[in-house]
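Here is the naming used below: chain letters follow the sequence lines, and residue numbers restart at 1 for every chain.
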Protein chains: 2
Amino acid sequence: MRISTRSRYGLRAVVELAIEGRPMLLKEISGRLKVSMKYLDHIFSSLKRAGIIRSIKSHSGYVLSKRPSKIKAIDVIKALEGLSFVDCIESPQICNRAGSCATQVLWKRLKGVVEKILDISIKELADIQRKLNVRSKNMYYI
Amino acid sequence: MRISTRSRYGLRAVVELAIEGRPMLLKEISGRLKVSMKYLDHIFSSLKRAGIIRSIKSHSGYVLSKRPSKIKAIDVIKALEGLSFVDCIESPQICNRAGSCATQVLWKRLKGVVEKILDISIKELADIQRKLNVRSKNMYYI
DNA sequence: TATAATTCTATTAAAATAATAGAATTGGTA
DNA sequence: TACCAATTCTATTATTTTAATAGAATTATA
């Protein structure tokens, strides 16, 4: 069980866009995240297809396509790697044990709590990030 | 984010051993789970190394090496695929953002709830399975 | 029309997961 | 003691997923 780099980079990029609140060039974001533009291009094309970000016509960069409070972390993860722990939850017909299987019960619980945790908005994440930024800035003066 | 077949097969096998409460041959378990003996052999060697199961000398099969109440689902998962969502939780030094990163906060929460859900004993899972067995047996008579 | 960016399509590389093959070992028992 | 049926070990291969790069096409405008 691992979070892919796609999800990690993608979510950080989206939080970055929320904090800046202005169009940002791919180049700028890739510089901050220290991820190649080419790879981020891929990630952004998925985010765009999912309606999470959009590009401003010609040279002006990317912005969130909705308000940060309307985008959830889970939307980003689903767009970038999906959230299918096991197939027997979505498609019980593939396993004749589904519905009478203790491990399936466990996987369902797992899915439930993970979805709950990821049901956090980008606004909330941006707020957390802003506070952490202030904190780490002040650290220099301690 | 996905549960590997190793974890799925392994956990089911361990629950099976708990329910039967007697030594079971690899052949028997592989037959029930419909997984090749060769593949299950691999999985069992990891479970054995982790001290979850042990084999009875000569022809007698495998048993749990502790009481089902003393084995947690998370032990099985850790033995078979690990639980490292992102490296920056275990090794904050690999990322200079660690400690002041909103997404890291999220990954930590995720790790927390997943570990909590997987902190269920094999005894509890076996109890759930027994109830489901009764239920699905009775289904025929409805 | 030059340009600086996004966007699209294709390809490759690397890693993780899944599965198989075959031989070695083990210890009871015929 | 030799056989047997099982576990166990080592190696290999196949498949899938993830990660990353390359290059060309497109786009709106300065």
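- A heavy-atom distance below 4.5 Å is not found between the side chains of B:Y62 and B:M24.
- The distance from atom CG of B:L47 to atom P of D:dT8 is 12 Å, rounded to the nearest whole Å.
- The pair A:R32-A:E20 meets the salt-bridge criterion, since a charged nitrogen lies less than 4.0 angstrom from a carboxylate oxygen.
- Between B:I3 and B:D41, the residue whose closest nucleotide on DNA chain C is further toward the 5' end is B:I3.
- One atom, CG of A:L40, and another, P of C:dT7, lie 12 Å apart when rounded to the nearest Å.
- With a 6.0 Å radius and a threshold of 12 heavy atoms from other residues, nucleotides or ligands, B:R67 has its CZ atom at or below the threshold.
- B:R2 comes within contact range of no nucleotide atom at all, as no heavy-atom separation falls under 4.0 Å.
- Using a 4.0 Å heavy-atom criterion, one finds that A:F44 contacts no nucleic acid atom at all.
- As a whole-Å value, the separation of B:I43 CD1 from C:dT17 C1' is 11 Å.
- Looking at B:E115 and B:K72, no side-chain N of the basic residue comes within less than 4.0 Å of a carboxylate O on the acidic one, giving no salt bridge.
- Protein atom CG of B:L17 is 11 Å distant from nucleotide atom P of D:dT7, rounded to whole Å.
- Ranked by how close their nearest DNA chain D nucleotide is to the 5' end, B:L26 and B:H42 are led by B:L26.
- The interatomic distance linking A:K48 (NZ) with D:dT27 (P) rounds to 11 Å, in whole Å.
- What separates CG of B:D87 from P of D:dT18 is a distance of 16 Å, to the nearest Å.
- When the side-chain nitrogen and oxygen atoms of B:Y39 are compared with OP1 and OP2 of C:dA21, none of them lie within a distance under 4.0 Å.
- For the pair A:K38 and A:Y9, both in contact range of DNA chain D, the more 5′-proximal nearest nucleotide belongs to A:Y9.
- When the C1' atom of C:dA18 is taken as reference, atom CE of B:M37 falls 18 Å away, rounded to whole Å.
- Not one side-chain nitrogen or oxygen of A:S4 sits closer than 4.0 Å to the OP1 or OP2 atom of D:dT18.
- Between the side chains of A:R97 and A:T103, no donor N or O sits under 3.5 Å from an acceptor N or O.
- A straight line from CD1 of A:I56 to P of D:dT29 spans 12 Å, rounded to a whole angstrom.
- In this model, the phosphate group of D:dA6 is not approached by any side-chain N or O of B:S55 to a distance below 4.0 Å at OP1 or OP2.
- For D:dA19, one of the phosphate oxygens OP1 or OP2 lies less than 4.0 angstrom from a side-chain nitrogen or oxygen of A:T5.
- Phosphate contact (OP1/OP2 of D:dA6, side-chain N/O of B:K27, threshold under 4.0 Å): present.
- When heavy atoms are screened at a 4.0 angstrom cut-off, B:S45 is found touching no nucleic acid atom at all.
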